[in-house]
Protein chains: 2
Amino acid sequence: MNKQDQLNLIKDDFINSQKVLLAIGDETRQAILMVLMSTDCQTGLRVGEITEQTHLSRPAVSHHLKILRDAGVILMRKEGTKNFYYIDIRTKLGSLKNLVLDIETLLTKFY
Amino acid sequence: MNKQDQLNLIKDDFINSQKVLLAIGDETRQAILMVLMSTDCQTGLRVGEITEQTHLSRPAVSHHLKILRDAGVILMRKEGTKNFYYIDIRTKLGSLKNLVLDIETLLTKFY
DNA sequence: TTGAATAGTTTAAGTTAATGAACCATTGCT
DNA sequence: AGCAATGGTTCATTAACTTAAACTATTCAA
């Protein structure tokens with residue numbers, strides 16, 4: 001693994017994590033994520049419940065949940081008309097970890 | 001360390017890493033970072049050199065460098081009229097690492 | 001099959017961000 | 001002082017994002 005290989009890794013990491021970075025860089029979506037992580041409910045939260053625990057309107061919550069979902073940060077499960085949103089360890093947060101660790105490797109080993 | 005402590009950690013991580021997330025989530029700034037990391041020049045690159053290696057205008061490069069610098073992702077060194085930009089291991093990328101690792105801990109230990 | 005509950009979508013307005021042109025500031029050299 | 005090199009800043013335009021209101025779709029129960 002030379003420097004060029006490491007750079008190519010990082011280039012891919014950037015592509016894989018771009019949506020995640022933009023999704024969780026937004027203050028509003030960070031607040032939604034905090035609500036999702038704070039709940040004791042193991043089965044996830046519905047849009048209405050998240051709306052209650054934030055200062056946002058339901059369409060706004062729905063909008064931001066879609067962005068988080070498209071980025072692969074959160075997952076959704078349908079039950080009738082109810083949609084439950086939750087964070088999972090298997091989500092795209094792992095791609096962010098790769099990005100951080102690969103840059104760290106570059107800076108410590110190839111500089 | 002209980003779940004609430006871990007949540008408070010993550011809340012702080014979000015605050016500390018927000019600027020970094022927004023800064024490096026942008027495709028244009030990712031391209032600039034790749035140029036900075038790819039160079040063999042140990043002393044950093046000047047605005048003009050970065051402009052040459054991208055499809056961007058000089059004001060655009062200057063603008064994005066400022067955002068990266070405000071976020072603590074890159075550093076600058078002045079030499080006369082020349083400004084050299086570079087990435088350093090001691091930059092705010094560490095705050096991103098904390099964020100990722102703390103969320104990982106929450107999901108594995110407290111769920 | 002009608003009505004209530006839930007939530008996604010569309011639209012229009014307001015806000016913010018990115019861009020290039022033109023301009024300004026600083027440094028170093030003669 | 002005068003000039004060239006470098007690069008930051010301002011401004012106006014365009015593009016993108018965020019939001020709430022109104023609307024639509026789906027499911028479930030009576």
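Excluded from the calculations below are hydrogen atoms, water molecules and symmetry mates; all remaining heavy atoms, backbone and side chain alike, are included. Chain A is the first sequence line, chain B the second, and so forth, proteins listed ahead of strands; every chain is numbered from 1.
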Participant: Between C:dA18, D:dT18, C:dT9, which nucleotide gets closest to the side-chain atoms of A:Ile67?
Facilitator: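 It is D:dT18.
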Participant: So what does A:Arg29 hit on the nucleic acid, given a heavy-atom distance under 4.0 Å: a base, only sugar-phosphate, or nothing?
Facilitator: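 Sugar-phosphate, backbone atoms only, no base.
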Participant: From D:dG8, D:dG7, C:dA7, pick the nucleotide closest to the side chain of B:Tyr85?
Facilitator: D:dG8
Participant: Linking Ile, Leu, Val, Met, Phe, Trp and Tyr by side-chain heavy atoms under 4.5 Å, what else ends up with A:Leu22?
Facilitator: none
Participant: Starting the side chain at C-beta, find the nucleotide from C:dC23, C:dG8, D:dT27 nearest to A:Arg58.
Facilitator: C:dG8
Participant: Specify the residue among A:Glu79 and B:His63 whose closest nucleotide of DNA chain D lies further upstream toward the 5′ end.
Facilitator: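 With A:Glu79 and B:His63 compared, the 5'-side residue is B:His63.
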Participant: What nucleotide, of D:dA20, D:dT9, D:dT19, holds the atom closest to the side chain of B:Pro59?
Facilitator: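 Nearest listed nucleotide: D:dT9.
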Participant: As a test of reading the structure: which of D:dA5, C:dA7, D:dT18 is closest to the side chain of A:Lys82, going by heavy atoms?
Facilitator: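 Out of D:dA5, C:dA7, D:dT18, the nucleotide with an atom closest to A:Lys82's side chain is C:dA7.
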Participant: For the side chain of A:Ala60, starting at C-beta, report the closest nucleotide among D:dA20, D:dT27, C:dT19.
Facilitator: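 Nearest to the side-chain atoms of A:Ala60, counting from C-beta on, is D:dA20.
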Participant: Between C:dG8, D:dG7, C:dA18, which one does the side chain of A:Val47 approach most closely?
Facilitator: C:dG8
Participant: Just so I know, are the side chains of A:Leu93 and B:Val100 near enough to count as touching, which here means a heavy-atom distance under 4.5 Å?
Facilitator: no
Participant: Under 4.0 angstrom, heavy atoms only, what part of the nucleic acid is A:Phe84 near: base, sugar-phosphate, or nothing?
Facilitator: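 The answer is nothing, as A:Phe84 stays clear of every strand by at least 4.0 Å.
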